[in-house]
Amino acid sequence: MDTSRSILIIDDEENIRKYLGQSLARDGFDVHTARYGKEGINILMRKHMDVVLLDLSLPDIHGLKVLEELKKIDVDSIVIIITAYGDINSAVKAMRLGAYDYLTKPFEVEDIELVINKASRIVGLKDRIALLERQVDRAQQGELITRSRKMLELLEFVDEIAVTPATVIIYGETGTGKELIASRIHRNSERSDKPFVTIDCTSLPENLLESELFGHERGAFTGAVGLKKGLFEVADEGTVFLDEMGEMPLILQSKILRFLEDRTFRRVGGDKYLKTDVRIVAATNRDLKRLVAEEKFREDLYYRLNVVPLHLAPLRERKEDIFPLIEYFVRVLNKKIGRKISQVSNEALKLMIDYEWPGNIRELRNVMESMAITAKGNIITVNDLPREIIGVRHETDFSVPGLAKDGAARLPDFRKAKKQVLERFEKAYLRKLLEKNDWNVSQCAREIDMHRSSFQRLMRKSGFSKRN
Ligand SMILES: Nc1ncnc2c1ncn2[C@@H]1O[C@H](COP(=O)(O)OP(=O)(O)OP(=O)(O)O)[C@@H](O)[C@H]1O
Ligand SMILES: [Mg+2]
């Protein structure tokens with residue numbers, strides 16, 4: 001893996017891109033450049049940059065807008081603002097938005113190097129990057145894709161506690177990778193060559209769950225023809241993963257509690273206490289503390305389980321993972337279904353980054369899978385995205401952008417707001433029209449009495465491209 005520090009220069013002045021770029025490359029930076037703000041955002045959506053040099057006055061969009069977008073997708077970049085002498089106001093705004101420092105034009109290359117060095121020292125950039133890169137390497141091994149700092153730090157911790165016998169509980173919304181983490185804990189533990197047994201607490205009714213966990217003696221109940229070992233016994237010396245722990249029935253909770261206290265249990269219908277050596281990893285998408293307050297979960301069991309709590313962030317709080325995951329799923333799915341999807345268009349990627357992903361990584365995977373099957377071309381475009389990602393909200397929301405609800409705030413700039421609403425309307429209208437006519441451009445143009453070429457121009461402007 002490339003371990004040099006990456007830097008992106010976003011500036012419309014060719015001289016700055018060229019000479020500054022060359023000299024930073026000599027300093028060992030992996031240098032990228034962009035002339036336009038949107039071009040810079042497109043690079044940032046796909047690749048983490050350690051440092052971003054950002055000119056505030058760009059030909060297409062304002063640098064502050066670029067900064068805002070950047071902070072949405074990659075909070076860890078160090079942003080250094082380049083601004084014209086006399087535009088300190090914007091520089092101050094930029095600092096409020098999370099820029100690290102600013103320089104006024106004209107400046108010398110040494111000035112930039114000085115600021116970067118200062119930032120590096122403060123943020124511990126070099127060490128941190130080396131550390132993160134080691135972790136990324138390791139993360140990739142288990143097909144657990146992430147470049148989010150939060151996740152990488154969690155993984156570092158997971159690998160530390162994996163080798164201990166400690167009970168672990170993993171909290172996280174559905175589809176955030178709880179099971180993936182549980183199996184990683186097992187694989188990195190000394191028990192890795194012993195069984196890893198998963199028990200989904202929602203899969204069985206109460207009585208069957210008990211015998212599933214602890215086993216039963218012969219004749220313990222009707223149908224119990226022979227002795228059956230429970231999963232705790234089967235997993236001896238291994239790891240038991242108690243999935244959906246929040247759904248465990250109260251009666252069983254007390255039996256699990258007793259088991260956690262001394263690792264002894266009785267088979268259903270048995271009177272002998274048996275012993276087994278298992279490590280417990282539990283997971284839940286519920287707030288156990290709340291369940292305790294509602295008396296649906298035993299407090300003593302909560303404390304027994306909550307020894308090493310791990311919290312997996314939802315995907316919307318680590319948007320920098322979206323692109324690496326898309327790349328990964330494209331690779332995997334191409335192989336699985338024999339396609340040659342090469343990339344995702346910039347507009348499609350932007351919508352995917354803006355989307356909230358309530359089903360998290362599982363949802364992303366499913367969306368990628370169905371798009372990989374149905375996409376017409378080798379590039380996934382906005383046309384291939386499911387409706388919920390394109391934004392039903394945007395289709396119906398024609399409220400004035402930036403207008404505070406209380407009405408007391410200043411009105412937003414009229415022209416800008418009008419343009420935004422119109423854009424939203426055009427997008428929604430075109431989508432409906434295209435869908436209705438099965439993406440037949442000539443037919444659409446005819447229906448709204450427009451010239452075919454004008455209609456195509458309109459489509460391009462709204463980010464639609466003809467399916468081919
Ligand atoms: N970081 C990741 N990299 C690659 N794949 C991932 C990652 N996180 C999750 N996945 C994949 O997403 C899917 C859902 O993950 P997993 O089953 O571990 O989630 P979960 O938190 O247990 O969900 P649930 O609460 O719904 O059971 C799986 O296919 C898993 O392989
Ligand atoms: Mg799960």
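Note that ligands are numbered from 1 as they come in the structure, with each ligand's atoms numbered from 1 the same way.
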Exercise for the section: State whether the shortest distance between N or O atoms of Arg362 and N or O atoms of ligand 1 falls below 3.5 angstrom. Expected result: yes

Handout entry: Worked verdict on Ser6 versus Val51 for side-chain contact (heavy atoms from CB on, under 4.5 Å)
Key = CA-CA 6 Å; Ser6 51; Val51 181; over 6 Å; no

Exercise for the section: Before signing off on this row, confirm whether Asn285 and ligand 1 have an N or O atom pair separated by under 3.5 Å. Expected result: no

Fill in the blank from the handout: Quick note on ligand 1: atoms under 4.0 Å from a heavy atom of Gly177 include exactly 8 (N), 9 (C), 15 (O), 16 (P), 18 (O), 19 (O), 20 (P), 21 (O)

Practice task
Output every pair passing salt bridge (Lys or Arg N to Asp or Glu O under 4.0 Å) with a member in residues 356-373, not counting sequence neighbours, ordered by first then second residue.
Solution key: Lys336-Glu369

Exercise for the section: Heavy-atom contacts with Leu325 under 4.0 Å: which atoms of ligand 1 show up? List them by number with element. Expected result: 2 (C), 3 (N), 4 (C)

Problem - Steps toward salt bridge (Lys or Arg N to Asp or Glu O under 4.0 Å) verdict (Arg298, Asp300) - result: CA-CA 6 Å; Arg298 289 183 65 117; Asp300 40 12; 2.8 Å; yes

Handout entry: Within-shell test, Ile170 vs ligand 1, heavy atom, strictly < 4.0 Å
Key = no

Practice task
Answer yes or no: is there an ion pair linking Glu294 with Arg290, defined by an N-O contact shorter than 4.0 Å?
Solution key: yes

Exercise for the section: Check if Thr146 has a non-hydrogen atom at a distance under 4.0 Å from any atom of ligand 1. Expected result: no

Problem - Non-hydrogen atom of Gly175 closer than 4.0 Å to ligand 1 - result: yes

Exercise for the section: Give the contacting part of Met151 toward ligand 1: side chain, backbone, both or neither, where contact means a heavy-atom distance below 4.0 Å. Expected result: neither

Problem - Single hit among Ile361, Leu315, Asp354, Ile73 for side chain to side chain contact (heavy atoms under 4.5 Å, CB included) with Ile322 - result: Leu315

Exercise for the section: Would you mind checking if Arg286 and Glu244 are paired as a salt bridge, meaning a charged N to carboxylate O distance below 4.0 Å? Expected result: no

Problem - Geometric N/O contact Ile145 with ligand 1, under 3.5 angstrom - result: yes

Exercise for the section: Inspect the contact between Lys255 and Glu210 and indicate whether a charged nitrogen and a carboxylate oxygen are less than 4.0 angstrom apart. Expected result: yes

Practice task
Check whether any N or O atom of Tyr328, backbone or side chain, sits under 3.5 Å from an N or O atom of ligand 1, and answer yes or no.
Solution key: no

Exercise for the section: Look at atom 6 (C) of ligand 1 and say whether a protein heavy atom is found at less than 4.0 angstrom from it. Expected result: yes

